[in-house]
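Remember, predicted model here, so these are calculated numbers, not experimental data. Numbering of residues begins at 1 and proceeds along the displayed sequence.
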Amino acid sequence: MNECKCKGIRTCLLCERAGAVAAVWPKAEHTLYQCHRCGKLSVDAAPSREVSPLHTCSSSCAIVTTLAGKDVDFCGTLVVKDFLTEKEEQDLVTAFDASPWAGSQEGRRKQDYGIKVNFKQRKAQLGHFTGLPAFSKPLVDSMQLRVPELTSFNPVELCNLEYCPERGSTIAPHMDDAWIWGPRLVTVTLLSSTLMTFINQSTSMEVLIPMPRRSLLVVQGPARYKWMHSIKREHIMGRRIGITWRELSDEFLVGGSHESMGHEILRIAAGYEGHLTSSTDIVFTH
């Protein structure tokens with residue numbers, strides 16, 4: 001599918017070739033790179049354009065707490081390499097491609113499984129939500145069992161996003177909504193490796209996090225609430241599919257102002273009988 005679905009300031013290669021002015025992203029003065037081997041940050045070893053193997057662990061890796069006289073204050077990401085096997089990856093891609101992909105902004109395509117949300121007005125509707133898809137249950141079971149940080153993770157929303165270099169696919173710097181979505185975002189990367197860029201405009205810093213093929217990324221803490229995240233066009237080297245799950249915020253859990261709706265959302269999600277919900281109003285995912 002080569003139809004442009006960009007709106008407003010969002011652009012892809014298709015509309016730019018037709019005359020649209022490319023969007024300008026926030027620029028960082030200082031860049032840090034997370035080593036995909038030791039997890040520490042480096043300021044003097046840029047990853048190769050091939051994205052993988054990204055950056056070689058060396059004496060330059062260190063726990064960086066300040067840069068240019070400013071606190072870095074970056075933490076809250078966890079990369080689990082080889083979360084999927086090659087066969088699991090291929091089976092998922094085959095299943096995804098058997099269902100329709102919908103056009104999305106910035107050269108992406110998507111498949112949504114979630115409730116209808118109006119983030120500006122803080123309104124949510126169950127709409128046509130039928131739960132998380134069956135293919136995701138063994139993945140959620142696996143992450144709860146294998147990743148200690150996700151033992152209590154109960155996702156209620158899933159979105160597949162496809163990126164292709166031919167369309168100039170990208171996703172602009174943003175923070176995921178915190179009214180309905182909870183403290184952890186989880187993404188699994190299929191088909192090709194990439195980098196997620198976190199940017200803090202107040203300090204003009206960016207941190208590049210590796211997302212190897214078949215890996216799982218957890219985003220929480222300061223990385224979730226203090227830093228915007230994005231995927232740059234130049235870091236899409238081949239077709240990539242990102243599967244992203246979200247959990248509910250405290251407002252939709254026991255004691256919250258929307259506890260009743262949250263209970264119903266959790267009940268439906270846990271049935272794992274979900275079908276695509278093309279009307280879901282989701283602006284950003286990964």
Side-chain angles (χ1 to χ4, degrees), residues 1 78-104 108-117 126-164 169 171 176 180-182 184-194 196 211-219 231 236 238-248 262 264-282 284-286:
M1 188 203 75
L78 170 69
V79 178
V80 179
K81 291 180 288 185
D82 298 317
F83 178 73
L84 298 178
T85 65
E86 291 184 17
K87 184 179 186 307
E88 287 171 332
E89 176 189 46
Q90 188 54 58
D91 288 346
L92 286 169
V93 173
T94 299
F96 297 165
D97 286 341
S99 296
W101 288 91
S104 187
R108 305 183 303 271
R109 296 199 300 172
K110 64 180 180 178
Q111 295 175 332
D112 287 329
Y113 300 84
I115 62 175
K116 187 174 183 179
V117 182
L126 292 178
H128 300 290
F129 181 51
T130 53
L132 294 181
F135 72 77
S136 67
K137 188 177 191 310
L139 301 179
V140 173
D141 288 345
S142 179
M143 65 179 72
Q144 290 174 338
L145 180 65
R146 296 167 53 189
V147 185
E149 291 82 356
L150 298 178
T151 301
S152 61
F153 185 66
N154 293 305
V156 297
E157 192 266 349
L158 181 149
C159 184
N160 297 329
L161 273 191
E162 179 200 62
Y163 296 74
C164 286
S169 301
I171 192 162
D176 279 41
I180 189 167
W181 305 136
R184 293 166 292 190
L185 311 173
V186 179
T187 298
V188 170
T189 291
L190 309 180
L191 295 179
S192 65
S193 302
T194 190
M196 180 169 284
M211 299 175 76
R213 181 177 181 177
R214 294 188 293 276
S215 69
L216 176 147
L217 171 69
V218 181
V219 178
I231 296 178
I236 298 298
R239 187 190 186 202
R240 172 187 177 266
I241 297 174
I243 314 171
T244 295
W245 291 264
R246 292 177 177 81
E247 63 186 340
L248 290 173
E264 184 65 7
I265 293 171
L266 285 165
R267 184 191 67 79
I268 297 173
Y272 288 97
E273 298 177 347
H275 302 288
L276 288 173
T277 52
S278 58
S279 62
T280 302
D281 181 16
I282 296 173
F284 289 118
T285 184
H286 315 109

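- Of all heavy-atom pairs spanning Gly242 and Thr187, the tightest one is CA-CG2, 4.4 Å.
- Residues Leu190 and Asn160 have side chains not in contact (no heavy-atom distance under 4.5 Å, counting atoms from C-beta outward).
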Practice item. Assess whether side chain to side chain contact (heavy atoms under 4.5 Å, CB included) is satisfied between Ile171 and Tyr163, documenting all intermediate values. Key: CA-CA 9 Å; Ile171 192 162; Tyr163 296 74; 3.6 Å; yes
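- For Glu88 against Thr85, the heavy-atom pair with the smallest separation is OE1-N, 2.8 Å.
- Under a 3.5 Å cut-off, the side chain of Glu149 and the backbone N or O of Leu78 do not form any donor-acceptor pair.
- The shortest distance between side-chain heavy atoms of Leu92 and Ile243 falls below 4.5 Å.
- Judged as a side-chain contact (heavy atoms from CB on, under 4.5 Å), and not counting sequence neighbours, Thr151 has no contacts.
- To the nearest 0.5 Å, the span separating CG on Asn154 from CD on Glu247 amounts to 8.0 Å.
- The shortest side-chain heavy-atom distance between Pro155 and Val186 does not fall under the 4.5 Å cut-off.
- Remark: side-chain polar atoms of Glu157 are not paired, donor with acceptor, to backbone N or O of Ile115 under 3.5 angstrom.
- For the atom pair CE (Met211) and CG (Leu217), the distance works out to 5.0 Å, reported to the nearest 0.5 Å.
- Smallest separation of non-hydrogen atoms from Ser192 and Arg240: OG-CB, 3.4 Å.
- Applying the side-chain contact (heavy atoms from CB on, under 4.5 Å) rule to Asp82 yields no partners; only residues at least two apart in sequence or on another chain are considered.
- Side-chain contact between Arg108 and Ile231 is absent, with no heavy atoms from C-beta onward closer than 4.5 Å.
- Interatomic distance, CD of Glu273 versus OG1 of Thr130, reported as 8.5 Å (0.5 Å rounding).
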**Study point:** Full working for side chain to side chain contact (heavy atoms under 4.5 Å, CB included) between Leu150 and Trp245
**Key:** CA-CA 12 Å; Leu150 298 178; Trp245 291 264; over 6 Å; no
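- Atom OG of Ser99 and atom OH of Tyr113 lie 5.0 Å apart (nearest 0.5 Å).
- Of all heavy-atom pairs spanning Gln144 and Phe153, the tightest one is NE2-O, 2.6 Å.
- Atom OG of Ser169 and atom CD of Glu162 lie 7.0 Å apart (nearest 0.5 Å).
- Here the shortest heavy-atom pairing between Leu158 and Phe135 reads CD2-CZ, 4.0 Å.
- Taking the side-chain contact (heavy atoms from CB on, under 4.5 Å) definition, one finds that Arg267 meets it with Glu264, sequence neighbours left out.
- For Thr189 (side chain) and Pro212 (main-chain N/O), no donor-acceptor pair under 3.5 Å exists by modelled atom type.
- Between the Arg146 side chain and the Phe83 main chain, a donor and an acceptor come within less than 3.5 Å of each other.
- Between Trp181 and Val156 there is a side-chain heavy-atom pair separated by less than 4.5 Å.
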**Study point:** Working for side chain to side chain contact (heavy atoms under 4.5 Å, CB included), residues Leu248 and Ile180
**Key:** CA-CA 6 Å; Leu248 290 173; Ile180 189 167; 4.0 Å; yes
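- In this structure, the side chain of Thr94 engages the main chain of Gln90 through a donor-acceptor pair within 3.5 Å.
- When each of Asp141, Leu139, Val140 is paired with Lys137, the side chain to side chain contact (heavy atoms under 4.5 Å, CB included) condition holds for Asp141 and for no other.
- Thr277 OG1 to Gln111 CD: the interatomic distance, rounded to the nearest 0.5 Å, is 11.0 Å.
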